[in-house]
Protein chains: 2
Amino acid sequence: MINSRVAVAIHILALIASRPHDDLPSDYIASSVNTNPVVIRRILGMLRKAGLIRTSVGKAGAALAKEPFQISLLEVYQAVEKDSELFAVHENPNPHCPVGKRINAVLNEAFHSAQSALENKLAAQNIQGIMDHLFNEG
Amino acid sequence: MINSRVAVAIHILALIASRPHDDLPSDYIASSVNTNPVVIRRILGMLRKAGLIRTSVGKAGAALAKEPFQISLLEVYQAVEKDSELFAVHENPNPHCPVGKRINAVLNEAFHSAQSALENKLAAQNIQGIMDHLFNEG
DNA sequence: TTTTTTGTAACTGAATTAGTTACAGGATAG
DNA sequence: CTATCCTGTAACTAATTCAGTTACAAAAAA
């Protein structure tokens with residue numbers, strides 16, 4: 001299962017986007033997510049390094065670096081999940097076996113098409129869309 | 001990253017499919033995968049419980065329970081990965097926060113569309129296709 | 001100057017993973 | 001028949017990842 005940092009990161013960004021005029025401290029965000037403030041600051045750090053938000057040391061609040069509709073869920077996913085491969089492949093299959101010799105090339109191709117489909121769906125969604133679902137529906 | 005059992009399971013099935021008249025012991029399969037025979041037998045057990053292969057206690061060899069083209073990579077994936085949710089979501093976001101109150105419903109929807117895209121791509125591929133790539137191309 | 005806050009290091013415990021040893025008991029070969 | 005081969009499974013290990021936590025230096029704000 002993919003870790004919950006992606007979910008928390010989207011939660012954080014939606015919260016910031018929904019309160020653009022407030023400087024939300026990590027303690028406040030943590031109480032919305034229901035976790036420890038350090039967990040929030042760690043994820044804020046990843047989002048900052050990915051260029052999605054701006055923060056200031058010692059000063060409460062984070063600001064989105066782009067408009068909510070310009071922040072795709074794929075960017076968020078890749079900000080908090082540095083491993084670019086979704087599927088693990090076993091190392092060093094037997095090169096003297098006709099299957100082992102080529103299995104990794106074939107698996108990589110098969111897995112890549114699935115991973116791309118996933119990423120395309122994430123790329124097609126953004127923080128504004130999350131906001132719309134949070135506040136304008138149901 | 002999704003564990004390597006999926007990759008190993010596909011390797012195993014392709015190997016069995018490519019040698020339908022041989023009874024391959026787990027030691028032999030293990031030497032192709034380059035791991036321990038118990039790792040192979042564990043995965044064979046999962047594939048058997050999923051109805052993809054048949055084995056006999058004490059007797060070498062596993063037989064596919066269906067034709068290679070009828071075994072999709074999605075079935076293999078689900079055989080060795082019992083967790084049906086791809087993305088983790090943080091538990092108990094704050095119900096008193098307008099974002100926390102609804103974030104999980106929105107996240108589940110967003111993640112589900114991505115997961116479905118992945119699963120559809122896996123469902124569209126099967127062991128015969130893996131064999132074709134292994135032996136009829138490149 | 002006192003308080004608040006960030007950023008980050010360091011540690012913890014839980015969970016997962018792949019690999020390993022061990023062995024009971026079924027199947028097979030001589 | 002019996003010695004060997006093999007499966008299925010339990011149990012243990014070491015490595016890794018994860019979320020949560022404590023601690024604290026340094027920046028910002030009250």
Side-chain angles (χ1 to χ4, degrees), chain A residues 1-9 11-12 16 22-50 52-63 77 79-94, chain B residues 1-9 11-12 16 22-50 52-63 77 79-94:
Chain A
M1 194 151 59
I2 293 168
N3 63 57
S4 69
R5 289 195 300 267
V6 194
V8 173
H11 184 149
I12 293 172
I16 293 171
D22 294 333
D23 285 334
L24 309 177
S26 61
D27 278 60
Y28 178 90
I29 301 175
S31 79
S32 173
V33 171
N34 188 29
T35 184
N36 189 290
V38 176
V39 172
I40 301 298
R41 295 205 288 270
R42 266 202 298 247
I43 293 174
L44 286 172
M46 299 181 203
L47 296 174
R48 177 169 34 78
K49 281 170 189 151
L52 300 183
I53 62 170
R54 296 195 201 89
T55 65
S56 310
V57 174
K59 185 180 170 190
Y77 171 77
V80 300
E81 178 55 66
K82 279 313 177 187
D83 197 338
S84 65
E85 297 301 321
L86 181 60
F87 290 88
V89 168
H90 49 299
E91 297 295 315
N92 305 119
N94 191 334
Chain B
M1 192 150 61
I2 294 168
N3 65 55
S4 68
R5 289 195 300 267
V6 195
V8 172
H11 183 149
I12 292 171
I16 293 170
D22 295 333
D23 285 334
L24 309 176
S26 61
D27 279 58
Y28 178 90
I29 300 175
S31 80
S32 174
V33 172
N34 188 31
T35 185
N36 188 290
V38 175
V39 173
I40 300 299
R41 295 204 289 269
R42 266 201 298 246
I43 293 174
L44 285 173
M46 298 181 204
L47 296 174
R48 177 169 33 77
K49 281 170 190 152
L52 301 182
I53 62 170
R54 296 195 201 91
T55 65
S56 310
V57 174
K59 185 181 169 189
Y77 171 77
V80 299
E81 178 56 64
K82 279 313 176 187
D83 196 338
S84 67
E85 296 301 321
L86 182 60
F87 289 89
V89 168
H90 49 299
E91 298 293 317
N92 306 118
N94 191 334

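Scope of the values below: all heavy atoms of this structure, side chains included, with no hydrogens, waters or symmetry mates. Everything quoted here is computed from the prediction, not taken from an experiment. Quick note on labels: first sequence line is chain A, next is B, and so on, each numbered from 1.
Put simply, CD on Glu85(B) is 18 Å from C1' on dA15(C), counting in whole angstrom units. The distance between atom CD1 of Ile40(A) and atom P of dG7(C), rounded to the nearest whole Å, is 13 Å. A straight line from CD of Glu91(A) to P of dT16(D) spans 13 Å, rounded to a whole angstrom. For the pair Ile53(B) CD1 and dT7(D) P, the computed distance is 11 Å after rounding to whole Å. The CD1 atom of Ile12(B) sits 13 Å away from the C1' atom of dA18(C) (whole-angstrom rounding). Note: CD1 (Ile43(A)) to C1' (dG7(C)) measures 14 Å, nearest angstrom.
A sub-4.0 Å separation between OP1 or OP2 of dT9(D) and a side-chain N or O of Arg48(B) is present.
Applying the side chain to side chain donor-acceptor pair (under 3.5 Å) rule to Ser31(B) yields no partners; only residues at least two apart in sequence or on another chain are considered. Under the side chain to side chain donor-acceptor pair (under 3.5 Å) criterion, Arg54(A) pairs with no residue, sequence neighbours left out. Looking at residues two or more places apart in sequence or on another chain, you find a side chain to side chain contact (heavy atoms under 4.5 Å, CB included) between Asp83(A) and Glu81(A), Glu85(A), Met1(B). Residues passing the ring pair (Phe, Tyr, Trp, His ring centres under 6.0 Å) test with Phe87(A) are Phe111(A), sequence neighbours excluded. Remark: Tyr77(B) pairs with no residue by the side chain to side chain donor-acceptor pair (under 3.5 Å) rule, at least two apart or across chains. For the side chain to side chain donor-acceptor pair (under 3.5 Å) test, residues two or more places apart in sequence or in another chain that qualify with Asn94(B) are His96(B).
Nearest heavy-atom pair across Ala62(A) and Ile16(A) is O-CG2, 3.3 Å.
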Identify every side-chain donor-acceptor pair in residues 41-50 of chain A under 3.5 Å, counting partners at least two apart or on other chains, and give the distances.
from: Arg41(A); atom 1: NH1; to: Ser26(A); atom 2: OG; distance (Å): 3.0
from: Arg48(A); atom 1: NE; to: Thr55(A); atom 2: OG1; distance (Å): 3.1

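Of the residues in residues 22-30 of chain B, not one places a heavy atom less than 4.0 Å from an atom of DNA chain C.
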Protein proximity profile, nucleotides 17-30 of chain D - base contact B, sugar-phosphate-only contact S, no contact -, cut-off 4.0 Å on heavy atoms: -SBBBBB---BSS-
